[in-house]
Amino acid sequence: MAVTIKDIAKLANVSITTVSRVINNKSEGVSEETRNRILQLVKELGYQPNAIARGLVTKKTKTIGLIIPDISNPFFPDIARGVEDSAHIYGYNVFLCNTDDNLEKESEYINALKEKYVDGIIFTSSSIPKHEHITDLIKSGIPVVIMDRRIDSEDIYGVFLDNYEGGYIATKYLIDLGHKRIGCITGPLYISNAIERLEGYKRALVDNEIEVDNRLIFEGDYKINSGIIGAEKLLEHEVTAIFASNDLMAYGAYKAIRSYGYKIPDDISVVGFDDIQLSQILEPQLTTIRQPAYDMGLTAARMLIKLIEGKKMNKKIANFRPQLIIRQSTKDIV
């Protein structure tokens, strides 16, 4: 049977309030002898304070929530690892919630985290066009940090990549290799990062006097199957290169290109986005745009914990730069 605070108080011959004050490091007015006796009993009996009950006293549970849209996409576990590692350093535990890009699940998780009295929430926001539930949460006073996918709110604290630059340098690299018919498989075009990557792609074409051909743009959903379908559509328009807005869709493009009897990169060059670990194992290894998911997770957790603890923040937004990682899936056009 679990030891309770009442048991500790009875054995120490003090009030429950006195035990609570000692456990919660608020032992002003309690003698050193009494304090040591209580702490010794806590240690001997293996007493574990109830985190929620303790949180009602201290107004802190030392827990944070992390809401991600798709645990099957390796990019998000990298973020989660960064969040957890950073939280652990500061003595916080993390509740991980996977929404499967479902608004109802996302709302249910928000309510569940509030019921557990988490101290704050990190969102790698879902592929859902409307975010009123998130802005309402921010207005309620719960510390919130947004990651990866921007939402329209002046009140947000966030950690983001320059996705426009990422789309630009991916496309510019293909242009520099001599490609002019460059297809683009985008993410869902109601998500900010998908829009920004597409705009970067278009700007690179315009800056290099290549006409933007809407037939060479296919809207995907950041999943492998849309990469397959998108690449099949683009191959019908005789592209020589494909920029996929995430690595998973690039994997789908690989499958479609090979099913058409083409070789990568001899016939078709491919560039992805994210640089998840599988991209180094793929054959040929994928040229891609790296975004430092782990470091972004570390930063988001540090930012949230500063908000929770009322520490001064120098800036509300942390921006990361993309990096072109050149591997074996791209080649000069002959």
Side-chain angles (χ1 to χ4, degrees), residues 23-25 48-71 73-103 105-126 128 131-151 153 155-161 291-320:
I23 290 172
N24 290 298
N25 296 316
Q48 293 291 330
N50 181 289
I52 293 177
R54 187 175 183 177
L56 293 173
V57 176
T58 64
K59 307 300 182 185
K60 295 287 185 292
T61 59
K62 302 292 281 188
T63 59
I64 60 178
L66 172 61
I67 298 179
I68 63 173
D70 183 8
I71 195 69
N73 183 336
F75 171 71
F76 294 109
D78 282 348
I79 284 180
R81 192 165 57 89
V83 169
E84 201 281 330
D85 284 355
S86 184
H88 180 73
I89 291 169
Y90 293 96
Y92 284 76
N93 292 313
V94 180
F95 290 116
L96 176 63
C97 306
N98 174 56
T99 69
D100 292 318
D101 280 328
N102 182 293
L103 177 59
K105 283 185 72 175
E106 187 162 283
S107 297
E108 287 174 357
Y109 278 133
I110 290 172
N111 291 331
L113 292 171
K114 288 166 70 176
E115 288 173 2
K116 290 186 179 296
Y117 297 97
V118 296
D119 297 325
I121 299 175
I122 297 171
F123 276 95
T124 52
S125 186
S126 66
I128 300 168
H131 299 101
E132 287 86 352
H133 58 302
I134 300 177
T135 53
D136 288 345
L137 182 66
I138 294 169
K139 290 174 183 177
S140 76
I142 295 177
V144 173
V145 171
I146 303 296
M147 288 192 69
D148 185 43
R149 302 170 181 181
R150 299 176 190 267
I151 65 172
S153 173
D155 301 321
I156 69 164
Y157 287 81
V159 178
F160 305 109
L161 184 83
Q291 55 174 327
Y294 178 80
D295 291 340
M296 291 168 72
L298 286 174
T299 301
R302 283 198 296 263
M303 182 180 286
L304 182 65
I305 290 166
K306 282 186 177 181
L307 285 173
I308 291 167
E309 297 181 352
K311 295 180 180 177
K312 184 179 179 181
M313 301 282 288
N314 294 325
K315 55 184 180 179
K316 296 178 72 172
I317 303 297
N319 288 306
F320 283 77

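Along the sequence shown, residues carry numbers from 1. Note that these values count all heavy atoms, side chains included, but never hydrogens, waters or copies made by symmetry.
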Could you pull out every donor-acceptor pair under 3.5 Å between side chains of residues 78-97 and any protein atom, sequence neighbours left out?
from	atom 1	to	atom 2	distance (Å)
Asp85	OD2	Tyr294	OH	2.7
Ser86	OG	Leu298	O	3.3
Tyr92	OH	Glu309	OE2	3.0

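Taking the side chain as every heavy atom from C-beta outward, Met296 and Phe160 never approach each other to under 4.5 Å. Proximity of Pro69 to Thr124: side-chain heavy atoms (C-beta onward) are separated by under 4.5 Å at one or more points. In this structure, Pro292 and Leu161 have side chains that are in contact, with non-hydrogen atoms separated by less than 4.5 Å.
Each of Leu66, Ile68, Ile110 was compared with Phe123 under the side chain to side chain contact (heavy atoms under 4.5 Å, CB included) criterion, and only Ile110 meets it.
Shown here for Lys105 and Asn98, the closest heavy-atom pair between the two residues is NZ-O, 3.3 Å. Here the closest non-hydrogen pair linking Pro143 and Leu304 is O-CD1, 3.5 Å. Scanning both residues, Thr63 and Val118, for their nearest heavy atoms gives OG1-CA, 3.4 Å.
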With side-chain contact (heavy atoms from CB on, under 4.5 Å) as the test, would you mind laying out the steps for Thr99 and Ile67 before giving the verdict?
-> CA-CA 7 Å; Thr99 69; Ile67 298 179; 3.4 Å; yes

Step-by-step side-chain contact (heavy atoms from CB on, under 4.5 Å) determination, Ile156 to Lys316 = CA-CA 7 Å; Ile156 69 164; Lys316 296 178 72 172; over 6 Å; no

Chi angles and distances behind the side-chain contact (heavy atoms from CB on, under 4.5 Å) call for Leu307, Val145 = CA-CA 9 Å; Leu307 285 173; Val145 171; 4.0 Å; yes

Ile146/Tyr157 under side-chain contact (heavy atoms from CB on, under 4.5 Å): CA gap, chis, key distance, verdict = CA-CA 6 Å; Ile146 303 296; Tyr157 287 81; over 6 Å; no

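Summarising the geometry, atom CD1 belonging to Ile64 is positioned 6.0 Å from atom CD1 belonging to Ile308; distances are rounded to the nearest 0.5 Å. Atom CE in Met303 sits 12.0 Å away from atom CD1 in Ile305 (nearest 0.5 Å). Note: Tyr109 OH to Ile121 CD1 = 13.0 Å, rounded to the nearest 0.5 Å. Residue Asn319 holds its CG atom at 7.0 Å from NZ of Lys315, rounded to the nearest 0.5 Å.
In this structure, the side chain of Asp100 does not engage the main chain of Asn102 through any donor-acceptor pair within 3.5 Å.
Salt-bridge annotation for Asp119 and Lys62: absent, with no side-chain N of the basic residue lying under 4.0 Å from a carboxylate O of the acidic one.
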